4 protein chains.
Amino acid sequence: MPRQARSKATIDAIFDATIQILLSYGVRRLTTTRVAERAGVSVGTLYQYFPHKEALLYAIIEHYLSQVAEAVEESCNQNLGQPLAVASDALVSAYILAKSKDAEASRALYTVSSDVDVADLVNATFKRLHDAGGRLLRSCPHVQFENVDEVTFTLMAAVTGATRVAFQNDAHREKLDDFREQIMTMCRAFLQNAAVDR
Amino acid sequence: MPRQARSKATIDAIFDATIQILLSYGVRRLTTTRVAERAGVSVGTLYQYFPHKEALLYAIIEHYLSQVAEAVEESCNQNLGQPLAVASDALVSAYILAKSKDAEASRALYTVSSDVDVADLVNATFKRLHDAGGRLLRSCPHVQFENVDEVTFTLMAAVTGATRVAFQNDAHREKLDDFREQIMTMCRAFLQNAAVDR
Amino acid sequence: MPRQARSKATIDAIFDATIQILLSYGVRRLTTTRVAERAGVSVGTLYQYFPHKEALLYAIIEHYLSQVAEAVEESCNQNLGQPLAVASDALVSAYILAKSKDAEASRALYTVSSDVDVADLVNATFKRLHDAGGRLLRSCPHVQFENVDEVTFTLMAAVTGATRVAFQNDAHREKLDDFREQIMTMCRAFLQNAAVDR
Amino acid sequence: MPRQARSKATIDAIFDATIQILLSYGVRRLTTTRVAERAGVSVGTLYQYFPHKEALLYAIIEHYLSQVAEAVEESCNQNLGQPLAVASDALVSAYILAKSKDAEASRALYTVSSDVDVADLVNATFKRLHDAGGRLLRSCPHVQFENVDEVTFTLMAAVTGATRVAFQNDAHREKLDDFREQIMTMCRAFLQNAAVDR
DNA sequence: GATGAATGAGGCTTCATTCAT
DNA sequence: CATGAATGAAGCCTCATTCAT
């Protein structure tokens with residue numbers, strides 16, 4: 001097994017272990033020793049890959065956030081020039097799909113996000129989504145928005161925020177499909193309402 | 001200074017200190033000693049009011065959340081029977097206003113709200129909002145919704161979630177008024193779209 | 001109620017409370033606050049009677065130990081000149097009776113005796129018993145002992161030590177009467193064996 | 001130094017430190033930090049071997065008590081079938097010898113033994129002694145006892161209780177040899193008196 | 001490189017004691 | 001005198017991090 005691949009495998013194992021422990025023990029009990037143990041490596045090894053605990057947490061959040069950002073960006077790019085309704089649906093859909101792909105991880109990471117100092121990372125990722133969404137909206141034919149930035153911000157805030165609520169709400173964890181439909185409706189309605197013909 | 005008042009003052013000081021420390025140090029550095037110190041009391045005193053750190057966090061979150069929930073409930077009750085658009089605006093407005101009243105505290109408490117220990121409280125409060133919102137929607141004349149619960153959930157998730165994003169987003173903290181307008185628009189659009197005449 | 005009597009009543013209440021708490025919570029949870037509360041007085045009042053917690057514990061142990069010592073001394077004095085067997089029985093009987101009088105307190109105090117610095121008190125009390133016993137043995141007609149001190153020491157050590165074991169042994173707490181008979185037999189046999197005619 | 005041996009050495013050091021602190025500071029001042037310090041390890045290390053303070057105390061008491069119990073059991077087994085006097089002497093002798101082997105430790109541990117947390121252990125050990133003694137007495141030729149259990153209990157209570165008193169009594173610590181002789185005499189006398197021919 | 005025992009700073013909590021009311 | 005809220009030293013324990021093997 002080549003070095004690179006082994007590294008990757010170890011890091012994946014560590015990430016997985018982290019998520020699992022987060023889910024079953026909670027942030028408070030997330031210790032480096034426990035993570036290492038669950039990942040099947042020694043603490044020493046863990047520290048070879050991540051200089052601090054915080055670095056591990058940062059890395060794992062970055063990993064998941066960037067996956068989501070990429071998915072959304074890609075979807076946005078592929079739907080440039082589409083009619084507003086289509087674009088809107090694509091955007092919302094891509095986001096929720098990306099989050100749902102590893103729903104457990106998403107749930108788990110929401111609980112850490114306030115513990116580590118990832119505000120910057122979150123803000124940066126949000127900006128990526130915001131930018132991608134803005135480009136998409138601007139590309140829609142026949143329509144334009146009075147102040148795209150505000151609209152885009154609100155759109156993305158609603159999608160990401162509502163999704164968080166849905167994931168963290170015990171009662172709704174099962175109804176994600178319904179939720180997606182609703183949010184799509186909401187965004188479509190919002191955008192159509194905010195748009196003016198051009 | 002009569003006993004009751006002194007108690008109240010002490011608890012307020014502790015709450016304030018907690019918020020401040022949350023804002024300047026973060027959850028990870030929120031220690032009972034630090035809170036007591038900042039509040040100008042001894043740790044012992046803190047522990048006379050709250051049996052453990054968790055109880056303090058619970059109490060403070062409960063305090064702020066219930067204020068918000070009350071404000072929203074009241075607004076909902078006062079707008080029962082109003083046209084959909086009015087009702088929607090009242091609901092959204094009440095929520096964001098309540099949150100903005102003590103914006104710093106809101107920002108601070110978002111960082112604690114993902115804590116396992118208060119998850120139930122957060123869920124319970126969300127339920128209060130959900131119920132109040134549901135009653136309001138059901139009371140609107142001339143309209144009805146195919147599945148009110150889904151609609152209400154999505155509405156509240158979007159409002160609360162988006163507000164969280166707005167509060168936590170460094171870039172947007174100043175533009176809360178614009179944000180409120182936008183969210184109001186969004187919710188109105190969503191509800192009108194989801195409603196069917198009756 | 002005259003001052004003296006009120007004092008006495010308070011101190012009694014405090015002693016009782018201490019014993020009860022010892023019995024139901026254990027030494028570790030014996031706090032001055034709890035004692036005061038159970039005794040129906042404030043901590044401040046408790047501290048008016050006893051300068052430290054240790055003073056309280058010392059006083060209560062002293063109280064019970066001296067009761068026992070007095071009872072034994074009195075019994076010894078009243079049996080001076082009696083035949084060995086009678087004297088022996090009287091001694092043993094007096095000790096166990098005194099301990100049994102407030103069996104709960106005895107049990108409770110055994111658990112504190114190593115916590116407070118009462119070694120001197122215990123030694124001193126043991127000396128009182130030892131002396132009283134020695135005088136009694138020396139007074140017995142027709143017999144004498146080669147080295148009375150050794151004999152007396154062993155006698156008293158056996159009686160007091162065995163009684164402690166009996167009180168602390170969960171299984172035997174009910175059978176104290178049988179135990180007393182047995183110990184009486186043992187002591188009689190020992191003394192008769194150790195005695196030489198004169 | 002192989003791992004096992006180092007572990008053993010560490011545990012021994014911790015045990016020794018505990019005994020020493022017990023002797024020089026008393027139970028009340030026995031803190032985990034102090035033990036670790038005296039043992040030349042860090043608190044963390046102490047907690048790697050013992051999950052809490054209670055576990056340490058339990059372990060150390062268990063260690064010493066089981067040594068004593070084993071010694072007594074062995075002596076009892078080796079003297080099965082011996083005449084009463086021989087059996088009695090062997091039993092008493094074995095117990096006191098075992099206690100004397102590490103007299104300091106014995107003295108120290110008496111101060112812990114009334115702790116609630118180890119009460120069960122003490123009772124259980126007493127039962128081992130009781131059982132071994134009972135078997136021994138039953139095996140003696142030509143004699144039997146009306147109720148062996150009562151006799152055995154009293155015998156063991158007297159031996160263990162009196163030994164405790166002797167160890168804890170400042171004045172007698174030097175005269176253990178005399179004490180042993182006396183206790184042997186006492187037990188022999190008791191048993192011969194309690195026995196009936198068969 | 002990998003390991004995991006050892007470290008010790010620092011967090012939470014208790015409780016003896018004081019002192020203003 | 002009595003009260004009991006306030007104090008803060010000190011105890012227990014955890015866990016991120018290091019480093020000898």
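Everything quoted here is computed from the prediction, not taken from an experiment. Naming convention: chains lettered A, B, ... in sequence-line order (proteins, then strands); numbering from 1 in each chain.
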**Prompt:** A:E37 CD to E:dA2 C1': how many Å, rounded?
**Reply:** 16 Å

**Asked** Would you find a donor on one side and an acceptor on the other, under 3.5 Å apart, between the side chain of C:R107 and the backbone of C:L23?
**Response** no

**Request:** Give a yes or no on this: more than 12 heavy atoms of other residues, nucleotides or ligands lie within 6.0 Å of atom CZ of B:R28.
**Result:** yes

**Asked** What are the residues of residues 18-33 of chain D, sorted by number, that bring a heavy atom to within less than 4.0 Å of DNA chain F?
**Response** D:L30, D:T31, D:T32

**Prompt:** Hey, are the side chains of C:Y49 and C:V41 touching, using non-hydrogen atoms and a 4.5 Å cut-off?
**Reply:** no

**Fill in**
Under a 4.0 Å heavy-atom cutoff, the residues of residues 42-61 of chain C touching DNA chain F are C:S42, C:V43, C:G44, C:T45, C:Q48

**Message:** Just by distance, no angles: are the side chains of B:T10 and B:S7 close enough, under 3.5 Å, to form a donor-acceptor pair?
**Reply:** no

**Asked** Hey, what bend do you get for the helix from E:dA2-F:dT21 to E:dT21-F:dA2 if you fit axes on five pairs at each end, rounded to 10°?
**Response** 0°

**Under-4.0 Å salt bridge between A:E37 and A:R34** = no

**Spacing between D:D117 atom CG and F:dC12 atom C1', to the nearest angstrom** = 14 Å

**Fill in**
The single option from C:V116, C:V118, C:D115 that satisfies side-chain contact (heavy atoms from CB on, under 4.5 Å) with C:E54 is C:V116

**Request:** Could you check if a side-chain atom of D:F50 sits within less than 4.5 angstrom of a side-chain atom of D:I14, using non-hydrogen atoms only?
**Result:** yes

**Message:** Quick one: does any side-chain atom of C:S106 pair with a main-chain N or O of C:K99 as donor and acceptor, under 3.5 Å?
**Reply:** yes

**Message:** Are the side chains of A:L30 and A:K53 in contact, using a 4.5 Å heavy-atom criterion?
**Reply:** yes

**Prompt:** Is the shortest side-chain N to carboxylate O distance from D:D16 to D:R38 below 4.0 Å?
**Reply:** no

